[in-house]
Amino acid sequence: MRLSRYFLPTLKDTPSEAQIASHRLMLRAGMIRQSSSGVYSWLPLGLRVLKKIENIVREEQNAIGCHEVLMPTIQPADLWQKSGRYDDYGPEMLRIVDRHQRDMLYGPTNEEQITEIFAGSVRSYRELPQMLYHIQWKFRDEVRPRFGVMRGREFLMKDAYSFDIDKESARRSYNKMFVSYLKTYERLGLKAIPMAANTGPIGGDMSHEFLILAETGESEIACHRDFIEMSLVNEDIDFEGDLKPIVDRFTTKYAATDEMRNPEAEKVLGDDLVTARGIEVGHIFNFGTKYSKPMGASVAGPDGKDVDVEMGSYGIGVSRLVGGIIESSHDENGIIWPDSVSPFEVGVINLKAGDADCDKACDDTYNTLLEQGKDVIYDDRDARAGAKFADADLIGVPWQIILGPRGLKNGVVELKNRKSGEREELSLESALSKISK
RNA sequence: CGGGGUGUAGCGCAGUCUGGUAGCGCAUUCGCUUUGGGAGCGAAGGGUCGGAGGUUCGAAUCCUCUCACCCCGACCA
């Protein structure tokens with residue numbers, strides 16, 4: 001991508017409404033613009049990151065046999081009247097009346113919709129278990145939206161739903177999703193800790209929240225010190241096998257969000273107790289027949305008798321993750337992306353655009369990287385060096401190849417690593433091979 | 001929903017108390033000089049001062065109403 005032709009409206013000054021790092025940086029880096037309170041437009045750079053996160057989430061869902069669908073944002077009110085939630089949900093639900101005076105709503109979640117689809121299509125236990133998900137925009141009319149995309153009213157969520165014939169099977173689906181979530185967050189470069197949670201308005205008997213630690217997190221959490229180091233990295237997981245040992249490993253030690261904290265358990269932990277603030281980036285529920293019963297989602301069991309299916313739902317806040325990742329990874333100059341979600345892998349910075357030799361060297365480098373299949377941003381703008389360096393750091397270009405007349409005269413380029421801040425002068429060939437590692 | 005705050009050029013702000021030609025920095029456009037970590041000089045463009053009423057010879061400034069946005073708290077991916 002040539003920066004001179006790209007749409008990247010970066011800001012030198014911080015807009016006054018942005019108080020936390022991720023919100024400030026997303027505005028300054030030209031990732032988003034606010035439309036109204038809690039509602040944002042995604043500009044090219046922000047959208048690139050959003051899509052990268054979305055794709056990782058998608059791959060991990062597909063990997064456990066969860067099938068993607070796409071349900072509408074607008075739902076009919078009678079669906080929700082059937083489940084009894086139309087009145088329960090309150091003013092957080094955005095209600096709409098269409099031209100025929102039918103009551104509609106902008107979906108805050110999709111349990112009713114998916115249950116109806118399932119109920120109309122599946123008749124036998126032989127077709128179970130089944131898991132479906134979609135990645136779709138939601139709207140919840142929050143009392144107080146804040147922190148940019150971290151608590152917007154409109155947000156992108158991956159929500160999955162499981163259908164099983166009995167509790168034991170439902171538990172297996174839950175475990176599958178649980179472990180899949182741990183893997184998903186690791187791929188996103190995040191340390192997410194599962195914590196027992198209240199089931200809230202969605203209901204059910206078992207629920208976990210996944211939180212990442214960050215100073216600006218909205219809830220105060222406490223957990224065993226071991227969670228900080230726990231990881232699934234390099235573990236080859238058989239999702240068709242018994243996942244209970246892994247789930248146990250991540251659930252037996254103490255970890256609780258503020259409303260679930262237990263002072264006695266914390267006392268026992270002593271020095272092993274860590275308290276911090278956390279951002280909720282996922283929430284999974286097992287809620288049995290809460291929706292299947294009222295909405296008639298039953299199947300014939302082995303004995304021919306109808307059984308209400310056991311259900312669960314599993315959410316990941318995709319747009320929130322963009323903010324969450326920035327909260328946990330930035331410095332005073334800008335964003336430091338985990339490799340997996342970085343909008344660009346490498347940048348080429350032309351220090352003297354307009355200089356024939358320098359332009360040629362930069363163009364060649366740019367083309368070579370493109371041929372290698374890299375996501376590359378080429379700063380070919382006619383701007384001063386300082387402005388280019390500042391923008392590259394602001395938007396978090398992980399590797400920056402800096403070419404100027406001075407270095408070219410000596411046959412070297414400068415290679416900068418955004419994360420470590422290291423800079424070194426070396427030949428273009430060495431720089432390219434270092435990046436490819 | 002309770003409490004607090006802010007709306008003035010694209011962005012950041014001053015001016016409001018004490019009414020009298022709407023300003024500063026950055027950005028933008030043009031010219032010259034510069035060019036390796038957000039350049040210098042000169043010139044230019046850009047505003048219904050959030051909106052509606054009112055007071056006044058005269059309102060960004062005073063009064064009334066209203067809208068939007070932000071922050072703290074209670075609720076949530």
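Throughout, protein chains are lettered first and strands after them, A, B, ... in sequence-line order, and every chain is numbered starting at 1. None of these values were measured; they are calculated from a predicted model.
Scored by the salt bridge (Lys or Arg N to Asp or Glu O under 4.0 Å) test, A/R33 finds no partners at all (sequence neighbours excluded). Residues meeting the salt bridge (Lys or Arg N to Asp or Glu O under 4.0 Å) test with A/R261, sequence neighbours left out: A/E266. Checked against salt bridge (Lys or Arg N to Asp or Glu O under 4.0 Å), A/K82 has no partners two or more places apart in sequence or in another chain. Legend: residues meeting side chain to side chain contact (heavy atoms under 4.5 Å, CB included) with A/L232, ordered by chain and number and at least two apart, are A/V179, A/L182, A/E186, A/E235, A/I237, A/I246, A/R249, A/F250. With sequence neighbours excluded, no residue satisfies side chain to side chain contact (heavy atoms under 4.5 Å, CB included) with A/A63. Scanning for side-chain hydrogen bond (donor to acceptor under 3.5 Å, both in side chains) contacts around A/D380 gives A/R2, A/S4, with sequence neighbours left out. Not counting sequence neighbours, A/E425 has no partner by the salt bridge (Lys or Arg N to Asp or Glu O under 4.0 Å) test.
Looking only at atom types and distance, the side chain of A/D164 has a donor-acceptor partner in the side chain of A/S169 under 3.5 Å away.
Within the structure, the salt bridge (charged side-chain N to carboxylate O under 4.0 Å, His left out) test picks out no pair touching residues 3-21 of chain A (sequence neighbours left out). Counting only residues at least two apart or in different chains, side-chain hydrogen bond (donor to acceptor under 3.5 Å, both in side chains) contacts with residues 399-412 of chain A comprise A/D393-A/Q400.
Applying the Watson-Crick and G-U wobble criteria (two distances, each under 3.5 Å), B/C62 pairs with B/G54. Across all strands shown, B/A9 forms no Watson-Crick or G-U wobble pair with both distances under 3.5 Å.
Using C1' as the reference atom, B/U18 and B/U61 are 10 Å apart when rounded to the nearest Å.
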Atom pairs under 3.5 Å: protein N/O with N/O of nucleotides 24-34 of chain B:
{"from": "B/U34", "atom 1": "O2", "to": "A/R384", "atom 2": "NH1", "distance (Å)": "3.0"}

Between the protein and nucleotides 2-5 of chain B, are there any N/O to N/O pairs under 3.5 Å, and if so, what are the atom names and distances?
none

Output a table of nitrogen or oxygen pairs between the protein and nucleotides 67-69 of chain B separated by less than 3.5 Å.
{"from": "B/C69", "atom 1": "OP1", "to": "A/S37", "atom 2": "N", "distance (Å)": "2.9"}
{"from": "B/C69", "atom 1": "O3'", "to": "A/Q34", "atom 2": "NE2", "distance (Å)": "3.3"}

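In the interface, the side chain of A/R28 is paired with the base of B/G38 through a donor and an acceptor atom under 3.5 Å apart.
Counting to the nearest Å, the P atom of B/A77 and the CZ atom of A/F155 are 8 Å from each other.
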